[in-house]
Amino acid sequence: MPKAFDPQAVEAGWYARWEADRLFVADPASDREKFALAFPPPNITGELHMGHALQTAVYDLLARYRRMTGYEVLFLPGYDHAAIATQNVIEKQLAREGATKEELGREKFDARVNAWYEQVGATIINQLRLLGASMDWTRLRFTMDSRYYRSVMTAFVVFYEKGWIYRAPRIVNWCPHDRSAISDLEVEWREHQDTLYFIRYPVKGGGEVTIATVRPETMLADTGVAVNPSDPRYRDLVGHTAILPLVGRELPIVADEAVEKDFGTGALKVTPGHDALDYEIGQRHGLEIIDSMNLDGSMHVPGLPYDGMLALEARNKIVDELKAQDLIVKEEPYVHQVGHCDRCGFVIEPLISEQWWLRMEEMRDKALAASQAGEVRWHPERYERTYLDWLRGLRDWNIGRQLWLGHRVPVYRCENGHQIVAVDPPSECSECGGTPLTQDPDVLDTWFSSALWPYATLGWPDETEDLEAFYPTDINCTAREIINLWVSRMIMTGLEFMGEVPFADIAIHCIVQAADGRRMSKSLGTGIDPRDLISKYGADALRAWATSVAMSSQDVRFDESRVEGYRRFCNKLWNATRLVLSSPGYETAATPGTFEAREHLEDRWILSRLSAAARDITDGIEGFTFQDSINAAYGFTWNEFCDWYLEAVKERLRDGDVAAQDVAHFCLDNLFRLLHPFMPFVTEELWSRLPGDRDYLMRTEWPTQLGRFLDPGAEEEFQDVMTIVEEVRGHRQNSGAPPRGGQIHLEGGVSHTVANLAARLAHLELVHTLDKGTPLAAADGKVSFPAGARDAKRDKEIKKLESDLARIQAKLANSNFVSKAPQEVVDETQQRADALEAAITRLKLE
RNA sequence: GGGCGGCUAGCUCAGCUGGGAGAGCGCCAGCUUGACAUGCUGGAGGUCGGGGGUUCGAAACCCUCGCCGCCCACCA
């Protein structure tokens with residue numbers, strides 16, 4: 001067995017073996033209880049980043065844990081076509097080549113996209129394998145594969161037949177770059193420093209009204225002026241008509257509650273064609289809608305000199321002309337939020353467009369009712385509110401996109417104007433039999449298809465065996481930024497189509513930031529490729545780190561040294577195993593179990609500690625506090641099993657002591673099981689090196705029967721041992737004594753077992769009389785302290801203990817404390833005081 | 001504008017329902033200790049963001065202020 005743990009060498013073979021033996025493949029016909037995870041399909045826009053690695057580690061931990069606890073587990077992988085995002089990726093590639101998708105043409109563009117899907121899909125799968133994700137590859141899904149496509153079409157048709165899908169012109173968020181509408185959730189708000197212009201609009205019949213705007217170019221499409229009805233400044237103007245400068249259009253002056261009296265001048269220019277609020281005001285007052293913008297964001301004002309200009313260009317020219325006419329009252333610097341397309345970054349232009357809409361009321365209400373009924377549990381709980389608040393304010397969803405990439409809307413029209421909505425493309429018009437039919441050019445919002453993920457991947461709308469066995473799935477774990485975009489929509493459509501929430505538990509994991517606190521991103525150069533970390537520290541180390549931070553209440557800054565720490569942890573496990581394996585005769589010690597005798601204190605102690613660790617690790621997983629699991633496993637392994645137990649039994653192991661072998665073996669065996677979900681590779685490897693004929697660790701049982709080893713008496717006694725050993729080491733160090741040698745004197749109260757073990761661990765000779773020799777040591781005043789070892793550090797320690805004691809005694813002297821605090825707290829405090837007094841006495845002894 | 005999270009050792013973070021301030025890394029000192037120098041031993045380092053309050057007792061609960069971050073939102 002190599003002296004050092006080498007992740008590369010260990011990891012290489014296991015994944016292939018697990019997979020070849022079909023350990024990841026779920027059986028819907030199994031008698032076992034089912035546990036299903038539909039892995040959030042990564043966008044097929046590029047390679048997986050740290051966030052994906054973290055998420056994968058969490059999912060796989062749950063999958064492996066559930067397999068070991070007896071469930072039939074389905075861990076279903078896949079990826080998402082991510083229409084708008086992928087289209088942007090390809091367009092950027094084309095731009096670098098000096099081309100555009102229009103030049104390329106639709107067919108070649110599609111071919112290019114498919115090639116990209118193949119390439120990136122393969123990379124993603126490879127990364128997931130490197131991470132050790134125990135996914136059922138026989139069920140790999142893609143949101144654009146033919147079966148999934150059919151699910152999406154079916155959902156559309158069902159919604160349509162319910163009357164929930166309709167087409168209507170409305171103000172939408174228009175991305176001039178993508179030439180598509182996007183939903184409110186895809187708008188990213190960024191702070192802009194702009195200028196607020198105060199512009200004078202003359203009023204017909206005399207007077208004027210001054211409005212404030214940051215977008216003077218939109219005035220070309222103004223069709224009204226609005227003021228608040230309760231604003232005394234403008235009361236007399238309501239009902240009058242303003243004249244639009246530069247254009248001459250007559251603008252009715254209306255009163256509307258939506259106008260803020262305190263903003264600007266309190267008078268608002270109304271541009272129903274290019275502002276959401278103005279649109280609503282316009283609707284209420286029957287104002288005309290004028291469209292002054294082309295779909296590429298340029299001005300569409302035929303007959304005016306601004307026609308065809310870019311918005312900003314037009315703005316400058318308009319401001320110049322208004323100034324020339326002395327219509328600008330003033331300009332103020334103004335900081336505000338401006339919407340951008342979250343995929344391409346272009347400034348969003350609100351404009352009127354005819355779009356496909358999905359009514360959400362009924363689905364929203366069902367989702368709210370499900371939460372009310374406790375069918376959805378959030379971890380941490382606070383995210384439930386984020387979700388519910390958003391749901392309550394939900395409006396109709398714009399599901400149409402004017403992109404090249406995505407699921408085409410299944411709506412067809414014949415030459416006679418009939419409209420057919422069908423899952424499969426009809427060959428002729430169902431009303432007049434006419435041909436040819438043309439399909440609606442729109443595609444669906446990529447989130448429309450993602451919303452079906454938990455059941456479309458299982459075969460819906462067909463009543464498949466998988467759907468029957470594995471729906472609902474059990475847990476969804478994602479970043480909070482897609483709670484509204486994705487999680488909420490899965491819940492709504494899941495309730496609608498399947499009648500049940502798609503998962504009962506939702507865990508929100510943290511976001512990994514770069515070490516300096518910035519966002520991890522490729523473009524900023526702050527991203528880290530998980531594969532680099534895997535090759536440096538191993539997948540196990542990366543996973544252990546990921547699960548240790550995943551459920552953090554705040555986002556975490558990436559700290560590479562922590563990943564490195566977990567690699568060292570793997571090495572520690574490795575070497576602990578090596579030590580045990582080197583015990584003579586151990587190879588043939590096939591049947592553990594003789595430790596039941598448990599005559600040694602250290603054996604009883606470590607089994608008790610193992611039992612506690614198993615409990616803490618299990619509780620952490622069940623309670624979505626994975627960091628507690630990792631910490632318990634780490635602490636047990638390093639600070640208890642290695643630092644104390646193995647040190648205590650080294651000689652016994654060297655002598656081939658069967659009880660020591662059995663106990664050590666039992667600890668390792670259970671520890672590997674307990675760590676397997678977190679660090680699957682190294683644990684599987686070490687497990688395979690233990691003697692005996694072994695099946696895969698991956699499919700052994702989770703330890704659940706260790707409670708019987710809890711042994712408070714042994715823990716207390718061993719605590720005495722540790723205290724003595726630590727005191728001896730401390731004083732040795734302070735007095736410059738060599739690390740070994742010297743004697744320990746046994747006094748009255750100390751059990752022979754404790755003294756003996758302490759002597760062994762501290763490398764002392766145990767003697768039974770006080771007058772023999774000079775050194776040493778200690779515990780609870782039961783062992784005398786030798787003369788001649790007094791030093792400055794000891795004085796300092798005495799001082800510290802004395803001040804601690806003074807504080808505690810003051811507490812005990814407080815009658816309020818004694819009378820009001822619970823008796824056990826008072827008792828405990830008294831015990832601490834006694835212990836401190838004893839320690840001081842001991843240290844002062846000469 | 002509303003909501004949420006964070007502020008704990010030099011750094012990255014734990015501290016759950018209030019009762020002795022923790023870990024990893026880093027730092028200092030000492031160790032070729034028959035598993036591991038990816039190691040071992042000892043140690044330094046914190047008025048738990050500031051200020052009030054509740055309590056016998058507060059890092060934890062309440063109020064308030066200050067920064068940092070996120071989400072939501074139709075004030076042009």
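Note on naming: letters A, B, ... go to the chains in the order of the sequence lines (proteins, then strands), and numbering restarts at 1 for each one. Here the structure is a predicted model, which means the values were calculated and not measured.
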K.L.:
Between B:G3, B:C13, B:A14, which one does the side chain of A:S552 approach most closely?
P.N.:
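Closest nucleotide among those given: B:A14.
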K.L.:
In whole Å, measure the gap between the C1' atoms of B:C11 and B:G57 for me.
P.N.:
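Looking at atom C1' only, B:C11 and B:G57 are 33 Å apart.
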K.L.:
Go through B:G24, B:G3, B:G6 for me and flag the one nearest to the A:Q554 side chain.
P.N.:
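Ranking B:G24, B:G3, B:G6 by closest atom to the A:Q554 side chain puts B:G6 first.
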K.L.:
Which is true for A:R832 with a 4.0 Å heavy-atom rule: it touches a base, it touches only sugar-phosphate, or it touches nothing?
P.N.:
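Since a base atom lies under 4.0 Å of A:R832, the category is base.
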K.L.:
Between P on B:G39 and CG on A:N639, what's the gap in Å once rounded to a whole number?
P.N.:
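Going from A:N639 (CG) to B:G39 (P), I get 12 Å.
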K.L.:
With ring-ring contact (aromatic ring centres under 6.0 Å, His included) as the test, pick out the partner of A:F569 among A:Y634, A:F678, A:F636.
P.N.:
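Testing A:F569 for a ring-ring contact (aromatic ring centres under 6.0 Å, His included) against A:Y634, A:F678, A:F636 leaves exactly one candidate, A:Y634.
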K.L.:
Along nucleotides 71-76 of chain B, 5' to 3', which nucleotides get a B, which get an S, and which get a -, given that the test is a protein heavy-atom distance under 4.0 Å?
P.N.:
-SBBBB
K.L.:
So, do A:Y334 and A:F263 have ring centers that fall under 6.0 Å from each other?
P.N.:
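Yes - the distance between ring centres of A:Y334 and A:F263 falls below the 6.0 Å cut-off.
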K.L.:
Measure from CZ on A:R729 to P on B:G43 and round the result to the nearest Å.
P.N.:
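Rounding to the nearest Å, CZ of A:R729 and P of B:G43 are 10 Å apart.
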K.L.:
Pick base, sugar-phosphate or nothing for A:W545, based on heavy-atom distances below 4.0 Å to the nucleic acid.
P.N.:
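Counting heavy atoms under 4.0 Å across all strands, no contact is made by A:W545.
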K.L.:
Tell me the interatomic distance from A:D643, atom CG, to B:A23, atom P, rounded to whole angstroms.
P.N.:
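From A:D643 CG to B:A23 P: 13 Å.
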K.L.:
Rounded to the Å, how far apart are A:E564 CD and B:G26 C1'?
P.N.:
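One finds 12 Å between C1' of B:G26 and CD of A:E564, rounded.
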K.L.:
Taking only side-chain nitrogens and oxygens of A:K3, does any of them come within less than 4.0 Å of OP1 or OP2 of B:A37?
P.N.:
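Affirmative; the distance criterion is met.
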K.L.:
Testing the 3.5 Å rule here: is there a donor-acceptor pair between the side chains of A:S548 and A:Q627?
P.N.:
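On atom types as modelled, these side chains do not qualify, holding no pair under 3.5 Å.
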K.L.:
Roughly how far apart, to the nearest Å, are B:G53 and B:A58 at atom P?
P.N.:
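About 12 Å, rounded to a whole number of Å.
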K.L.:
I need the minimum non-hydrogen distance between A:M293 and A:A311, along with the two atoms involved.
P.N.:
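Reported closest heavy-atom pair: CE-CB, 4.3 Å.
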K.L.:
Starting the side chain at C-beta, find the nucleotide from B:A37, B:C25, B:U41 nearest to A:S561.
P.N.:
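Between B:A37, B:C25, B:U41, the one nearest the side chain of A:S561 would be B:C25.
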K.L.:
Between A:H379 and A:H509, does the ring centre distance come in under 6.0 Å?
P.N.:
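Centroid separation for A:H379 and A:H509: 6.0 Å or greater.
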K.L.:
Do the side chains of A:F5 and A:L573 get nearer than 4.5 Å, heavy atoms only?
P.N.:
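No, too far: nothing below the 4.5 Å cut-off.
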K.L.:
Counting just side-chain N and O atoms, does A:R557 come under 4.0 Å of either OP1 or OP2 of B:U12?
P.N.:
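Yes.
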K.L.:
Under 4.0 Å, heavy atoms only, any strand: does A:P822 hit a base, just the sugar-phosphate, or nothing?
P.N.:
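A:P822: base contact, heavy atoms under 4.0 Å.
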K.L.:
Considering every strand and a 4.0 Å limit on heavy-atom distances, what is the contact class for A:C642: base, sugar-phosphate, or nothing?
P.N.:
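Base, at least one base atom sits under 4.0 Å.
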K.L.:
Starting from P on B:G5, measure out to CD on A:Q513 and report it in whole angstrom.
P.N.:
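A:Q513 atom CD is separated from B:G5 atom P by 17 Å.
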K.L.:
With a 6.0 Å cut-off (strictly less than), is the heavy-atom count around CZ of A:R519, excluding the residue itself, greater than 12?
P.N.:
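Not buried by this count: 12 neighbours or fewer within 6.0 Å.
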K.L.:
Please tell me which of the listed nucleotides, B:G39, B:G15, B:G42, lies nearest to the side chain of A:Q627?
P.N.:
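From the listed options, B:G15 comes nearest.
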K.L.:
Assign each of A:F558 and A:S582 to its nearest nucleotide of RNA chain B by heavy atoms, then name whichever residue's nucleotide is nearer the 5' end.
P.N.:
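The answer here is A:F558.
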K.L.:
Nearest-Å distance, CG (A:L761) to C1' (B:U41)?
P.N.:
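From A:L761 CG to B:U41 C1': 13 Å.
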K.L.:
Distance check needed: B:G5 P versus A:D389 CG, whole Å only.
P.N.:
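So the two atoms are 13 Å apart, to the nearest Å.
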K.L.:
Would you mind telling me which of B:U12, B:U41, B:G24 lies closest to the side-chain atoms of A:R568?
P.N.:
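Closest nucleotide to the A:R568 side chain: B:G24.
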K.L.:
Give the residues of residues 809-821 of chain A touching RNA chain B, defined as any heavy atom closer than 4.0 Å, sorted by residue number.
P.N.:
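Residues of residues 809-821 of chain A under 4.0 Å from RNA chain B: A:N814, A:N816, A:F817, A:K820, A:A821.
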K.L.:
Establish whether the base of B:C36 is bridged to the side chain of A:K572 by a donor-acceptor pair shorter than 3.5 Å.
P.N.:
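Per atom types, the contact qualifies.
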K.L.:
Could you say whether A:Y383 or A:R562 is positioned toward the 5' end of RNA chain B, judged by the nucleotide with the nearest heavy atom to each?
P.N.:
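The 5'-side residue here is A:Y383.
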K.L.:
Would you say the ring centers of A:W545 and A:F558 fall short of 6.0 Å from each other?
P.N.:
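When the ring centroids of A:W545 and A:F558 are compared, they turn out to be within the sub-6.0 Å range.
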K.L.:
Does anything in residues 646-656 of chain A reach RNA chain B, meaning a heavy atom under 4.0 Å, and if so which residues?
P.N.:
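Those residues are A:E647, A:K650, A:R654.
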K.L.:
Would one find more than 12 heavy atoms of other residues, nucleotides or ligands at under 6.0 Å from atom CD of A:Q8?
P.N.:
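It does: A:Q8 CD has more than 12 such atoms within range.
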K.L.:
Starting at CD of A:E191 and ending at P of B:G1, how long is that distance when rounded to a whole Å?
P.N.:
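It works out to 12 Å between those atoms.
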